[in-house]
Amino acid sequence: MTLDVLQEKIRGIISQELELEDGELTSEGHFIDEYDADSLSLITILARIEKELGIVVPQDELPNMPNLQGVFDVVGTINSRESQGV
């Protein structure tokens with residue numbers, strides 16, 4: 001899966017879970033402060049990313065995922081490791 005496709009899928013999952021319109025979600029917008037996310041919605045986002053993308057994201061990575069860019073960074077690192085067989 002290309003990076004663009006991966007990021008588009010992640011953007012779609014997060015927008016849907018946070019009930020945001022197209023274009024509302026920015027890469028730096030803080031999920032809790034700007035989009036009124038709570039811990040349950042963040043866990044749900046994490047679970048959907050894992051299920052729909054077929055990767056495992058350790059829950060201790062959640063603090064590194066406060067916004068869309070953070071999610072891209074964490075998932076990109078994990079995806080890269082898995083594709084290299086590490």
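We use all heavy atoms of the structure for the numbers below, so side chains are in, but hydrogens, waters and symmetry mates are not. Heads up: numbering here begins at 1 and tracks the sequence.
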CD1-CG distance between Ile13 and Leu18, expressed to the nearest 0.5 angstrom: 11.5 Å
Spacing of CD1 belonging to Ile55 relative to CG belonging to Leu6, to within rounding of 0.5 Å: 7.0 Å
Go through the structure and list residues passing side-chain contact (heavy atoms from CB on, under 4.5 Å) with Pro58, not counting sequence neighbours. Asp60, Glu61, Ile78
What one should report as the nearest heavy-atom pair of Phe31 and Asn67 is CZ-C, 3.3 Å
Walk me through whether Val74 and Leu62 qualify under side chain to side chain contact (heavy atoms under 4.5 Å, CB included). CA-CA 9 Å; Val74 169; Leu62 270 177; over 6 Å; no
Only pairs at least two apart or in different chains count here, so list each salt bridge (charged side-chain N to carboxylate O under 4.0 Å, His left out) that has a residue in residues 20-34. none
With sequence neighbours left out, write down each residue that passes side-chain hydrogen bond (donor to acceptor under 3.5 Å, both in side chains) with Ser41, or none if nothing qualifies. Asp38
In short, side chain to side chain donor-acceptor pair (under 3.5 Å) pairs touching residues 2-12 with sequence neighbours left out are none
Donor + acceptor pair across side chains of Tyr35, Thr26 (<3.5 Å): yes
Measure the shortest side-chain to side-chain distance between Leu46 and Leu42 over non-hydrogen atoms and say whether it is less than 4.5 angstrom. no
List in chain and number order the residues that pass side-chain hydrogen bond (donor to acceptor under 3.5 Å, both in side chains) with Asn79, two or more places apart in sequence or in another chain; answer none if no residue qualifies. none
Taking a hydrophobic cluster as the set of Ile, Leu, Val, Met, Phe, Trp and Tyr residues connected by side-chain heavy atoms closer than 4.5 Å, whether directly or through intermediates, do Val5 and Ile49 fall within one such cluster? yes
What residues, two or more places apart in sequence or in another chain, satisfy side-chain hydrogen bond (donor to acceptor under 3.5 Å, both in side chains) together with Gln69? Asp73
Under the side-chain hydrogen bond (donor to acceptor under 3.5 Å, both in side chains) rule, collect the residues that match up with Arg48, sequence neighbours excluded. Gln16, Glu17, Glu52
Taken in chain and number order and not counting sequence neighbours, the residues that satisfy side-chain contact (heavy atoms from CB on, under 4.5 Å) with Glu19 are none
Using 0.5 Å steps for rounding, measure from the OG atom of Ser15 to the CG atom of Leu25. 4.5 Å
Leu3 side, atom CG; Phe72 side, atom CZ - distance, nearest 0.5 Å: 8.0 Å
